[in-house]
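Since the structure is predicted, the reported quantities are computational estimates derived from the model, not experimental observations. Throughout, a chain's letter reflects where its sequence line sits, starting with A, and its residues are numbered from 1.
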Amino acid sequence: MPAADPADLLVWYDRHRRRLPWRAMPGERADPYRVWLSEIMLQQTTVQAVKPYFERFLTRFPDVESLAVAPQDAVMQAWAGLGYYSRARNLHACAQVVARDHGGRFPADETALRALPGIGAYTAAAIAAIAFGIPAAAVDGNVERVVSRLIALEEPLPAAKPHIREVTQAMVPQARSGDFAQAMMDLGATICTPRRPACALCPWMVACVARREGLQESFPRKAKKAPRQIRYGAAFVAERADGAILLRTRPSSGLLGGMAEVPGSDWRADYPLSQAILDAPCEARWRRMPGIVRHVFTHFPLELTVFHARLDRQAGAPEGMRFTGADELADEALPSVMRKVLAHALPQFGAPADKGGGKREPASRKRSGKKDAVEK
DNA sequence: TATTCGTGGCC
DNA sequence: TGGCCAAGAAT
């Protein structure tokens with residue numbers, strides 16, 4: 001059996017590489033700031049989702065310095081909707097460390113990169129290889145899939161990671177290590193896909209053990225994951241006479257850390273609706289909105305009952321909360337789940353987030369099959 | 001080593 | 001329709 005030759009992958013890459021906003025032209029040096037920013041955004045996030053955020057970030061924060069001196073609120077607002085918000089906090093912290101301790105330049109060293117906030121083993125290797133040409137092995141989910149198929153690795157993930165890393169490191173070429181890293185990811189994203197891989201188009205088809213046995217779709221082996229339990233809660237949309245909405249900021253760590261939200265209850269496995277009125281942020285004529293808001297986080301699904309109340313113009317915000325004008329809601333760091341809540345309570349707020357979900361039709365909502373809201 | 005941490009798209 | 005998946009990191 002022929003071994004997988006990195007040169008064959010690079011030949012394939014030169015012909016089929018994806019053109020992405022953060023990539024340099026062939027033969028040109030990639031900008032470390034762009035590489036870093038894109039790598040952080042791409043952690044567990046699809047290319048399609050990242051593209052508009054990447055462009056917006058570059059416009060608002062053209063370089064490390066501008067990001068370092070920006071208020072944290074501005075960074076969280078620009079990140080709102082992308083998810084995994086600790087990335088945004090670490091991104092900001094990392095920019096400040098680079099500005100203060102490294103003269104505004106990313107270190108051209110894998111170990112030094114690894115020490116920066118938000119940069120783990122994969123991202124350090126990716127930046128080292130792509131931005132600085134260091135022969136580092138950037139092992140992400142794509143590479144794990146490609147390599148585990150290539151050698152038909154029976155050991156399940158994540159235990160197999162060290163082994164996969166060794167095999168990958170041994171293949172990294174001294175020249176073009178950045179292209180090799182990106183080629184591996186392009187191969188995983190376009191050919192060696194999780195389902196129905198296009199083996200006939202793969203430069204490593206002949207070398208691939210899993211393919212030879214017709215078992216490519218069964219790799220990588222994976223340990224089974226823990227079951228998720230649904231949680232319930234209440235959310236309160238207080239609308240002042242001038243249209244302003246009562247908001248607060250979540251604690252800086254943990255779920256949706258540092259993001260804005262409407263006041264609400266804890267999210268628990270058991271939440272009797274009779275409890276809701278006790279969790280309201282203030283006294284008012286709370287009205288329960290028909291239906292519920294559903295949202296799915298990585299480790300649990302959530303169902304929120306939404307309450308709405310109108311407050312008069314003089315109403316003051318309770319301790320630790322604030323009113324935000326209707327026309328300023330878009331400037332708040334509201335995560336998607338809160339945009340759903342606002343859209344549910346305020347017809348004028350429109351569709352949640354900025355995605356292609358399109359218009360909701362409250363009147364024609366079906367009884368079942370709704371992801372975001374169902375009657376109850 | 002195992003959890004925690006978002007979101008949207010896909011079949 | 002629900003589970004899986006996407007350029008992982010921090011704890």
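- In the set dC5(B), dA7(C), dC5(C), the nucleotide with an atom closest to the side chain of Y84(A) is dC5(B).
- By the salt bridge (Lys or Arg N to Asp or Glu O under 4.0 Å) test, R29(A) is found to be paired with no residue, residues two or more places apart in sequence or in another chain being considered.
- At a threshold of 4.0 angstrom between heavy atoms, the contacts of I40(A) with the nucleic acid are absent.
- One can find a donor-acceptor pair under 3.5 Å joining the base of dG6(B) and the side-chain atoms of T45(A).
- Of the possible donor and acceptor atoms, one in the side chain of R87(A) sits under 3.5 Å from a partner among the backbone N and O of I40(A).
- Both V296(A) and D140(A) lie near DNA chain C, and the one whose nearest nucleotide falls closer to the 5' end is V296(A).
- In this entry the distance linking CG of L82(A) with P of dC5(B) reads 18 Å, nearest Å.
- At a non-hydrogen distance threshold of 4.0 Å, nothing from residues 149-185 of chain A comes into contact with DNA chain B.
- Using a 4.0 Å heavy-atom distance criterion, L91(A) is classed as making no nucleic acid contact.
- With a 6.0 Å cutoff to the six-membered ring centre and a 45° limit on the axis angle, R56(A) does not count as a cation-pi contact of F54(A).
- The interatomic distance linking L37(A) (CG) with dA7(C) (C1') rounds to 13 Å, in whole Å.
- Distance R231(A) CZ to dG6(B) P: 11 Å, rounded to the nearest Å.
- Taking D242(A) as the reference, R240(A) meet the salt bridge (Lys or Arg N to Asp or Glu O under 4.0 Å) condition, with sequence neighbours excluded.
- Taking the six-membered ring wherever Trp is involved, the centroid distance between the rings of H299(A) and F297(A) does not fall below 6.0 Å.
- The same atom, P, is picked in dA7(C) and in dT3(B); the two are 23 Å apart, to the nearest Å.
- Of the possible donor and acceptor atoms, one in the side chain of S177(A) sits under 3.5 Å from a partner among the backbone N and O of I134(A).
- For L256(A), the listed nucleotide lying nearest its side chain is dT7(B); candidates were dT4(B), dT7(B), dA7(C).
- The NZ atom of K224(A) sits 16 Å away from the P atom of dG3(C) (whole-angstrom rounding).
- Heavy-atom neighbours of Q348(A) CD from other residues, nucleotides or ligands within 6.0 Å: above the threshold of 12.
- Among the protein residues, V337(A) comes within range of the sugar-phosphate backbone only, with heavy atoms under 4.0 Å from sugar or phosphate atoms but none that close to a base.
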Identify all side-chain donor-acceptor contacts of residues 182-192 of chain A below 3.5 Å with residues at least two apart in sequence or on another chain.
residue : atom : partner : partner atom : Å
Q182(A) : OE1  : R23(A)  : NE           : 2.9
Q182(A) : NE2  : G178(A) : O            : 3.3
D186(A) : OD1  : R18(A)  : NE           : 2.8
D186(A) : OD1  : R18(A)  : NH2          : 2.8
D186(A) : OD1  : R23(A)  : NH2          : 2.7
D186(A) : OD2  : R18(A)  : N            : 2.9
D186(A) : OD2  : R23(A)  : NH1          : 2.9
T190(A) : OG1  : D186(A) : O            : 2.7

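- Applying the salt bridge (Lys or Arg N to Asp or Glu O under 4.0 Å) test to R310(A) and every residue at least two apart in sequence or in another chain returns E239(A).
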Show me, pair by pair, the donor-acceptor contacts under 3.5 angstrom made by side chains of residues 257-274 of chain A, not counting sequence neighbours?
residue : atom : partner : partner atom : Å
E261(A) : OE1  : R250(A) : NH1          : 2.7
E261(A) : OE2  : R248(A) : NE           : 2.8
E261(A) : OE2  : R248(A) : NH2          : 3.2
S265(A) : OG   : A234(A) : N            : 2.9
Y271(A) : OH   : D279(A) : OD2          : 2.6

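- In this structure, W22(A) reaches the bases: a heavy-atom distance under 4.0 Å links it to at least one base atom across the strands shown.
- The phosphate of dA7(C) has neither OP1 nor OP2 within less than 4.0 Å of any side-chain N or O from S38(A).
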Base-pairing string, 5' to 3', of DNA chain C - Watson-Crick or wobble, under 3.5 Å, | interstrand: .|||||.||||
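- Pairs passing the ring pair (Phe, Tyr, Trp, His ring centres under 6.0 Å) check and including a residue from residues 87-107 of chain A, sequence neighbours excluded, read W36(A)-F106(A).
- Separating the P atom of dG6(B) from that of dT11(C) is a span of 14 Å, rounded to the nearest Å.
- For dC5(B), the OP1/OP2 oxygens have a side-chain nitrogen or oxygen of H299(A) closer than 4.0 Å.
- Dense packing is recorded around CD of E28(A), with more than 12 heavy atoms of other residues, nucleotides or ligands lying under 6.0 Å away.
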Trace of the side-chain hydrogen bond (donor to acceptor under 3.5 Å, both in side chains) decision for Q77(A) with R60(A): CA-CA 11 Å; Q77(A) 188 275 326; R60(A) 285 184 72 167; 2.5 Å; yes
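- Of the residues in residues 245-255 of chain A, G254(A), L255(A) come within less than 4.0 Å of DNA chain B through at least one heavy atom, sorted by number.
- Comparing dA6(C), dC5(C), dT7(B) by their nearest atom to the side chain of K225(A) picks out dC5(C).
- Atom CD in E144(A) sits about 17 Å away from atom P in dC4(C), given to the nearest Å.
- Note on R145(A): only backbone sugar-phosphate atoms sit closer than 4.0 angstrom, heavy atoms only; bases stay farther off.
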Which protein N or O atoms sit under 3.5 Å from an N or O of nucleotides 9-11 of chain C?
residue : atom : partner : partner atom : Å
dA9(C)  : OP1  : G120(A) : N            : 3.0
dA9(C)  : OP1  : T123(A) : N            : 3.0
dA9(C)  : OP1  : T123(A) : OG1          : 2.6
dA9(C)  : OP2  : Y122(A) : N            : 3.4
dA10(C) : OP1  : G118(A) : N            : 2.5

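- An OP1 or OP2 oxygen of dT7(B) is reached within less than 4.0 angstrom by a side-chain nitrogen or oxygen of H295(A).
- Within the 4.0 angstrom heavy-atom criterion, only backbone atoms of the sugar-phosphate kind lie near R228(A); the bases stay farther away.
- Residues R195(A) and Q44(A) each lie close to DNA chain B; by heavy-atom proximity, the contact nearer the 5' end of the strand is made by Q44(A).
- Hydrophobic cluster membership for F323(A): L246(A), L311(A), M321(A) (Ile, Leu, Val, Met, Phe, Trp, Tyr linked by side-chain heavy atoms under 4.5 Å, directly or transitively).
- In this structure K161(A) satisfies the salt bridge (Lys or Arg N to Asp or Glu O under 4.0 Å) test together with E144(A), sequence neighbours excluded.
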